[in-house]
Trainee: 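I have a structure I would like to understand better, so I am pasting it below and will then ask my questions one at a time.
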Amino acid sequence: MDKQRDFVLRTIEERGVKFVRLWFTDVVGTLKSVAIAPAEVEGAFTEGIGFDGSAIEGLSRTFESDLLAFPDPTTFQTLPWRGDIDPTARMFCDITTPDGEPAVADPRNVLKRTLARAADAGFTFYTHPEIEFYLLKSSKYGPEGPQPVDSAGYFDNVPGGTAHDFRRRSVRMLEDLGISVEFSHHEAGPGQNEIDLRYADALTTADNIMTFRTVVKEVAIEQGVYATFMPKPFSDKPGSGMHTHLSLFEGDANAFYEPGAQYQLSKIGRQFIAGLLRHANEISAVTNQFVNSYKRLWGGDEAPSFICWGHNNRSALVRVPLYKPNKGQSARVEYRAIDSAANPYLAFSLLLAAGLKGIEEGYELPSEAEDDVWALTDSERRALGYRPLPASLDHAIEYMETSELVADTLGEHVFNYVLANKRAEWRDYRTQVTPFELQRNLEIL
């Protein structure tokens, strides 16, 4: 760590960095930032930067508000969108109490705790997210709703189009930040895009997702458009998900791979999927944390609505993808419910905890879904045992508040804050009178 700190201090001097932004997230997953001068960085490494934690969503209670942010030197990067004018760098922070204990409500610490549990069982957890978002002409909208920047569709090539230039600029900027991109393309909705990050350990991926959102927003501003990670901005267009590929490694060996087994999927892999399925409803208030998230899950367009798994079945909640023969290292499972607006630290913590629970308890994996689950009738799905995901944030809260798994994984403070925050959001949503109700009822009732 001392070598890494020395590298950071040397790089700041060599590149003439004028400001260093210290980043962390609140419990909802909003990025927080404080800028310090280069002369303060060495002291921040050893003593931290003090701030009022009670002013940050869910981070601490008023009577224990003093917190310290300690920058993680392994996350140091210069910010390419700042250019040569006042060069600026960033580091993610670990949040502690004044006596040096990790802050219980720091989402990054929640993930670190869960990864440590996995490490005790001999596992390293890797994730690979496919992040969807919409590009709009503006954040403002009129009676016709938000206006997408184009009318293109899935994999469309739009020469000279905004989205094409946008993705090229974004990918280059991500690569400059040390974030490897695997694919980028236009998605199915007008103005909708997808950029897939290369797989990495879950903590690195979560940091990368937070950086990714900032990069996408900055490039959009630069190009005179607006980017949104809202799960379902259009009622009649596809929502934005963040399908995430998950795998466990034991040393250098992929724990999900077993040559000769069905789909080359090991017993550990099958138990991990069983854990995801059994606890899917309990974790939904975190993987799908907004009222709007459930408009995506129940709005069609390939969003998963029922709890089942399948081999390369895109209507299933958990998919076992096809991969190249004899490439055991690429064995993985894909969780399709999580959306692009989730707090990645908390969401990855719960996905890992659910999978580990399946392994620890030896959960049996139910039969796979071979049909198009959306095309089945309700009675057919019930007969096959395909339970629905929560239909609303209210339902998700009901599942979460009785979940030992979620309470144990998040810790008491985060668990209680998430519940309070989500109940408040549902209460505000439930009490509004919507255009739908006025159009449907005002003149006839």
Side-chain angles (χ1 to χ4, degrees), residues 28-31 79-83 128-177 179-198 205 208-244 288-297 299-303 336 338-344:
V28 177
T30 304
L31 187 67
L79 300 178
W81 62 84
R82 294 294 303 172
H128 154 60
E130 303 172 351
I131 311 173
E132 296 174 343
F133 55 93
Y134 272 91
L135 288 182
L136 308 174
K137 292 179 180 178
S138 166
S139 62
K140 310 298 181 189
Y141 58 90
E144 296 180 358
Q147 298 298 303
V149 298
D150 60 47
S151 55
Y154 187 67
F155 265 43
D156 280 358
N157 181 48
V158 190
T162 300
H164 192 73
D165 294 340
F166 176 92
R167 289 196 305 274
R168 184 172 61 241
R169 174 75 171 139
S170 297
V171 169
R172 191 164 66 230
M173 202 173 277
L174 289 165
E175 297 281 358
D176 287 346
L177 282 160
I179 299 173
S180 297
V181 173
E182 193 164 59
F183 300 112
S184 68
H185 60 85
H186 201 288
E187 252 299 332
Q192 189 181 33
N193 291 266
E194 176 178 311
I195 298 178
D196 301 355
L197 304 186
R198 192 171 295 280
T205 307
N208 287 348
I209 289 169
M210 297 308 302
T211 305
F212 175 96
R213 291 176 183 166
T214 303
V215 166
V216 165
K217 293 278 191 181
E218 290 284 353
V219 174
I221 291 168
E222 180 185 281
Q223 299 201 357
V225 296
Y226 181 76
T228 181
F229 294 94
M230 185 176 175
K232 185 79 169 173
F234 301 98
S235 61
D236 59 344
K237 300 291 187 285
S240 292
M242 188 169 69
H243 300 163
T244 302
N288 306 87
Q289 67 168 328
F290 297 107
V291 162
N292 185 249
S293 299
Y294 297 86
K295 307 293 177 71
R296 168 183 166 257
L297 288 182
D301 294 302
E302 291 201 359
R336 297 173 62 80
I338 186 173
D339 60 45
S340 303
N343 180 331

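By convention here, the first residue in the shown sequence is residue 1. Computed from a predicted model, the values in this text were never measured in an experiment.
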Trainee: Less than 4.5 Å apart, any side-chain heavy atom of F234 and any of P190?
Mentor: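 With C-beta onward as the side chain, the pair stays apart.
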
Trainee: Find out whether P231 and N288 are in side-chain contact, i.e. whether some heavy atom of one side chain is under 4.5 Å from a heavy atom of the other.
Mentor: no

Trainee: Can you tell if the side chain of Q147 reaches within under 4.5 Å of the side chain of S138, non-hydrogen atoms only?
Mentor: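 Heavy-atom side-chain distance check fails, nothing below 4.5 Å.
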
Trainee: Between F133 and F212, what is the ring plane arrangement, given parallel below 30°, perpendicular above 60°, and tilted in between?
Mentor: perpendicular

Trainee: Could you tell me which non-hydrogen atom of P238 sits nearest to which non-hydrogen atom of A188, and how far apart they are?
Mentor: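 Heavy atoms only, the tightest pair is CG-CB, 4.0 Å.
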
Trainee: Side chains of E218 and L79: closer than 4.5 Å at any heavy-atom pair?
Mentor: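 Contact flag for E218/L79 side chains = no.
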
Trainee: Write down the atom of A341, the atom of F229, and the distance for their closest heavy-atom approach.
Mentor: CB-O, 3.7 Å

Trainee: Measure the OG-CG distance between S240 and N193 for me, rounded to the nearest 0.5 Å.
Mentor: 9.0 Å

Trainee: Taking E130's backbone N and O only, do any of them form a donor-acceptor pair with E194's side chain (distance below 3.5 Å, no angle check)?
Mentor: no

Trainee: Supply the atom-to-atom distance I209 CD1 to L31 CG, rounded to the nearest 0.5 angstrom.
Mentor: 13.0 Å

Trainee: Give a yes or no answer on whether the side chain of T228 reaches the backbone of Y226 with a donor-acceptor pair at less than 3.5 Å.
Mentor: no

Trainee: To the closest 0.5 Å, what do you measure between CG (N292) and NZ (K232)?
Mentor: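 So the gap between those two atoms works out to 9.0 Å.
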
Trainee: Which atom names give the shortest non-hydrogen contact between W81 and L177, and what distance separates them?
Mentor: CZ3-CD1, 4.1 Å

Trainee: Indicate the atoms forming the closest heavy-atom contact of R296 with D339, along with that distance.
Mentor: NH1-CB, 3.8 Å

Trainee: Quick one: closest heavy-atom pair of H128 and D196, and the distance?
Mentor: CE1-CB, 4.1 Å

Trainee: Of all residues at least two apart in sequence or in a different chain, which pass the ring pair (Phe, Tyr, Trp, His ring centres under 6.0 Å) check with Y294?
Mentor: none

Trainee: Please step through side-chain contact (heavy atoms from CB on, under 4.5 Å) for the pair K237 and Q192, ending with a clear verdict.
Mentor: CA-CA 10 Å; K237 300 291 187 285; Q192 189 181 33; over 6 Å; no

Trainee: Do you know which two heavy atoms are closest between H186 and D150, and how far apart they sit?
Mentor: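 H186 and D150 have their closest heavy atoms at NE2-OD1, 2.9 Å.
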
